[in-house]
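Take a look at the structure below.
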Amino acid sequence: MLKIYNTLAREKQVFTPIVPGKVGMYVCGMTVYDFCHLGHARVMVVFDMVSRWLRASDYEVTYVRNITDIDDKIIKRANENGETIAQLTQRFIDAMDEDSAKLGVIRPTLEPKATEFVDGMISMISALIDKGFAYVADNGDVFYSVNNFEGYGKLSGKSLEDLRAGERVEVDTHKKDPMDFVLWKSVKPNEPSWDSPFGGPNNGKGRPGWHIECSAMSSQLLGNHFDIHGGGQDLQFPHHENEIAQSEAANSLASTHTHDGQSCQMVNYWMHNGFVRVDDEKMSKSLGNFFTIRTVLEQYDAEVVRFFILRAHYRSPLNYSDQHLDDAKAALNRLYTALRGLVVEVADIDWRQSQAASFKAAMDDDFNTPEALAVLFDLANEVNKTKSLASAALLKSLAGLIGLLQRDPDEYLQGLASVNSNADEALNVDQLIIQRNEAKQSKNFAEADRIRKLLAEAGIILEDSPQGTTWRRA
RNA sequence: GGCGCGAUAGCAAAGCGGUUAUGCCGCGGCCUGCAAAGCCGUUUAGACCAGUUCGACUCUGGUUCGCGCCUCCA
């Protein structure tokens, strides 16, 4: 029985889908104006793991992860680069696809782009205006009136009073209340715009605000009421809070000016993943302390990065450092080493088997991947001891459910990303191993050790066994 | 200032009111020509102060410290 920590309730709850056997899940994706960093990698990997486990639990999952391809920063960056917005966003969508594929992330079922759903946003804003939840300001911007939505703050645990007290942004004079947020931004010179019926000085021309994008896309693709909504912890407020306010107000049948947020709940389970940190500080664009995925992949194998992410619980903070990546690599090596030299096929899992049951219990407990991984190490130990093909098959099969351990062990162990791999390319490893074995045969251990040292300096470690000598990268 | 989260051994990271988490590192042994890998064993825990309890790392309260959100952010 799957339990999920629901941010809305602040507790773990038994997962019950709206439609038996089916799950609708929406995750806030990327704003595509730059390369993805490790924080983005965590969202992608975490919710990939979630969708995989839901599918392994026999749910039919519709996983939607949006792409924000219109936004202030995108416009700014495109202007700086002297390229069109479409060129810029396509470039970074391609880069994102490349990065996520390397991390073993299965493509979401749907990846809607904001610019393709502007009509839906406009009609949602119109509904909000009609119901009295939104108003057109004198400059043509359309704002959401937070006072009219009774449930405002229910997700983030904030009250409007506290928010106003902590207000540290200059008040936009066009707003009725400082906490009101923008739904539609009136057109500015040299900016893309869409026609709308909202009126104002620019006859309604403008573009959508960020929050309305997700409300419109999720309700169009998953309906007004769906199972799971995910994203990074930093989106809890204001983004997700605003999504709730928009969707529940717009989709309610009530035409009153206030709304309790109960009669037409948008989402049953809200999931938020923890941050990636550097030196105990959040990794973020604004702090400038981020590492892009592709930078890290120059030094570490993508599966090591995935393993590093899944080693921590998804809600915990995750500190990034070379030492921690090295540690993850050593741990993953142990798992692959156990499978080395065995012919293992992924098989159906008998969930009554004790390790399989432990793995399932861990995953069902709010996706406790650290505990699930401990089960894999237990199996690896068993495989090392007994060479049991059944245990090896179970190890590979369970790991496969969270996107790990599916490569050929030798390919992984010998292909580990190595920055200084040029030096050893010139060396013929297999030839040197033969030479060394000849030296060993004739008890010329000095020569054998010389060859081993030569390879070691090139980052290649030899391992002798009764079945012969194998090698791997350090 | 408001709201929230956290504090576990050298490092990382889980569960659990009493019984080995796990991985890396260290130490001893086995194996090996020697190593590596593997196996066996093993040293390091639960910020601090109270309380509940037969018994607390685990529950409750407080203290201290750290982090996050309150502004774009995964």
Side-chain angles (χ1 to χ4, degrees), chain A residues 7 10 27-31 36-47 65 68 71-73 153 156-159 161-170 179 210 230-239 241 272-277 280-287 290 307-308 311-313 315-319 321 323-335 337-338 340-341 358 361-362 365 368-378 380-381 383-387 413 439-440 443-446 448-449 452-453 456 461-466 469-472 474:
Chain A
T7 307
R10 295 183 194 288
V27 172
C28 291
M30 264 48 82
T31 300
C36 291
H37 58 65
L38 277 184
H40 301 117
R42 192 173 193 190
V43 189
M44 294 195 281
V45 169
V46 161
F47 288 101
R65 191 184 63 204
T68 294
D71 150 279
D72 289 348
K73 277 173 296 203
S156 56
K158 297 176 189 303
S159 72
E161 274 177 44
D162 295 340
L163 286 166
R164 290 191 191 103
E167 188 65 51
R168 38 184 169 118
V169 184
E170 274 187 47
M179 294 317 299
W210 177 43
Q233 252 162 19
D234 47 358
L235 297 187
Q236 215 175 100
F237 189 90
H239 186 54
E241 195 70 64
H272 293 97
N273 66 275
F275 298 129
V276 175
R277 300 184 187 176
D280 285 321
E281 261 191 341
K282 176 185 172 184
M283 180 182 289
S284 74
K285 286 284 174 64
S286 37
L287 289 170
F290 61 91
F307 182 86
F308 167 69
R311 242 176 137 203
H313 185 87
R315 283 188 283 119
S316 301
L318 178 61
N319 243 334
S321 75
Q323 192 208 327
H324 297 156
L325 265 294
D326 288 340
D327 195 65
K329 175 175 150 185
L332 184 59
N333 279 5
R334 179 173 164 79
L335 294 179
T337 302
R340 202 173 200 190
S358 299
D365 183 16
N368 192 334
T369 51
E371 206 178 316
L373 290 177
V375 176
L376 300 187
F377 284 100
D378 183 44
N381 177 254
V383 172
N384 286 332
K385 269 191 286 197
T386 67
K387 296 291 164 202
L413 292 164
K440 279 172 66 181
K443 306 281 186 204
N444 185 353
F445 295 122
D449 289 350
R452 187 167 63 194
K453 195 174 169 219
I461 295 169
L462 298 187
E463 291 170 349
D464 295 334
S465 80
T469 302
T470 55
W471 65 274
R472 66 185 167 90

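Naming: A, B, ... by sequence-line order, numbering from 1 per chain.
Residues that satisfy the side-chain contact (heavy atoms from CB on, under 4.5 Å) test with Lys385(A), not counting sequence neighbours, are Asn381(A). Here Ser465(A) pairs with Gln467(A) under the side-chain contact (heavy atoms from CB on, under 4.5 Å) rule; sequence neighbours left out. Residues passing the side-chain contact (heavy atoms from CB on, under 4.5 Å) test with Arg42(A), sequence neighbours excluded: Val46(A), Asn273(A), Val276(A), Ile309(A), Ala312(A), Leu318(A). Ser316(A) pairs by the side-chain contact (heavy atoms from CB on, under 4.5 Å) definition with His313(A), not counting sequence neighbours.
With both ends at atom C1', the span from C30(B) to G17(B) equals 39 Å, rounded to whole Å. For the C1' atoms, the distance linking C39(B) with A74(B) amounts to 43 Å, nearest Å. As rounded to the nearest Å, C49(B) and C54(B) have P atoms that lie 23 Å from one another. Nucleotides G68(B) and U53(B) have their P atoms positioned 40 Å apart, rounded to a whole Å. Nucleotides A21(B) and G15(B) have their C1' atoms positioned 7 Å apart, rounded to a whole Å. A7(B) and U63(B): their C1' atoms are spaced 13 Å apart (whole Å). Taking atom P on both nucleotides, G10(B) is separated from A47(B) by 13 Å, rounded to a whole Å. Nucleotides C24(B) and C5(B) have their C1' atoms positioned 27 Å apart, rounded to a whole Å.
Atoms NZ (Lys158(A)) and P (G68(B)) sit 14 Å apart, rounded to a whole Å. The CG atom of Asp378(A) sits 22 Å away from the P atom of A13(B) (whole-angstrom rounding). Residue Gln236(A) contributes atom CD, which lies 12 Å from atom C1' of C70(B) at whole-angstrom precision. Rounding to whole angstrom units, CG of residue Asp72(A) and C1' of U71(B) are separated by 13 Å. To the nearest angstrom, P of A14(B) lies 13 Å from CZ of Phe307(A). To the nearest angstrom, P of A12(B) lies 5 Å from NE2 of His324(A). Between Asp326(A) atom CG and G23(B) atom P there is a gap of 18 Å when expressed in whole angstrom units. Between the CZ atom of Phe290(A) and the P atom of A74(B) there is a distance of 11 Å, given to the nearest Å.
Nearest nucleotide to the Asn368(A) side chain, out of C3(B), A74(B), A14(B): A14(B). The side chain of His313(A) sits closest to A14(B) out of A21(B), A14(B), C11(B). Counting only heavy atoms from C-beta on, Ala374(A) has its side chain closest to A21(B) among A13(B), A21(B), C70(B). Considering only side-chain atoms of Met283(A), the nucleotide from U71(B), A74(B), C72(B) that sits closest is A74(B). In this structure, of C67(B), C72(B), A14(B), it is C67(B) that holds the atom nearest to the side chain of Arg277(A). Among U22(B), U71(B), C34(B), the nucleotide with an atom closest to any side-chain atom of Asp449(A) is C34(B).
Heavy atoms of Phe445(A) sit under 4.0 angstrom from at least one base atom. Here Arg315(A) lies out of heavy-atom contact (under 4.0 Å) with every strand. Val276(A) comes within contact range of at least one nucleobase, with a heavy-atom separation under 4.0 Å. Note on Arg311(A): a base of the nucleic acid sits closer than 4.0 angstrom, heavy atoms only. The residue Gly231(A) sits close only to the backbone: its heavy atoms come under 4.0 Å of sugar-phosphate atoms, none of a base. Contact annotation for Gly230(A): no contact, since no heavy-atom pair falls under 4.0 Å across all strands. Counting non-hydrogen atoms under 4.0 angstrom, Leu462(A) reaches a base of the nucleic acid. Within the 4.0 angstrom heavy-atom criterion, only backbone atoms of the sugar-phosphate kind lie near Ser316(A); the bases stay farther away.
Residue whose closest nucleotide on RNA chain B sits further toward the 5' end, between Asn273(A) and Ser156(A): Ser156(A). If Glu371(A) and Lys443(A) are placed on RNA chain B by their nearest nucleotide, the residue sitting closer to the 5' end is Glu371(A).
The two residues His272(A) and Gly232(A) have their closest heavy-atom pair at CD2-O, 3.4 Å. Closest non-hydrogen pair, Val375(A) versus Ser358(A), comes out as CG2-CB, 3.7 Å. Minimum heavy-atom separation, Ser156(A) to Phe237(A): OG-CD1, 3.3 Å. Counting all heavy atoms, side chain and backbone alike, Met283(A) lies closest to Gly39(A) at SD-N, 4.0 Å.
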Secondary-structure notation, RNA chain B, from Watson-Crick and G-U pairs under 3.5 angstrom (| other strand): (((((((..(((.....[...))).(((((.......)))))....(((((..]....))))))))))))....
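The side chain of Lys282(A) places an N or O atom within less than 4.0 Å of a non-bridging phosphate oxygen (OP1 or OP2) of C69(B).
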Summary of protein contacts for nucleotides 37-42 of chain B, nucleotide by nucleotide, where a base hit scores B, a sugar-phosphate-only hit scores S (4.0 Å, heavy atoms): SSSS--
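Lys453(A) contributes atom NZ, which lies 14.0 Å from atom CG of Leu462(A) (distance to the nearest 0.5 angstrom). For the atom pair Thr469(A) OG1 and Arg452(A) CZ, the distance stands at 9.5 Å (nearest 0.5 Å). Taken from CE in Met44(A) to CE in Met30(A), the straight-line distance is 4.5 Å, to the nearest 0.5 Å.
The base of G1(B) does not come close enough to the side chain of Asp162(A) for any donor and acceptor atom to sit less than 3.5 Å apart. Contact annotation: side chain of Arg452(A) to base of C34(B), donor-acceptor pair present below 3.5 Å. Scanning atom types as modelled, no donor and acceptor separated by under 3.5 angstrom connect the side chain of Lys285(A) and the base of C72(B). For Asp327(A) against G23(B), a side-chain N or O and a base N or O form a donor-acceptor pair under 3.5 Å.
Taking the six-membered ring for Trp and thresholds of 30 and 60 degrees, His324(A) and Phe308(A) have nearly parallel ring planes, at less than 30 degrees apart.
Checking each of Asn333(A), Leu413(A), Val383(A) against Arg340(A) for a side-chain contact (heavy atoms from CB on, under 4.5 Å) leaves exactly one that passes, namely Leu413(A).
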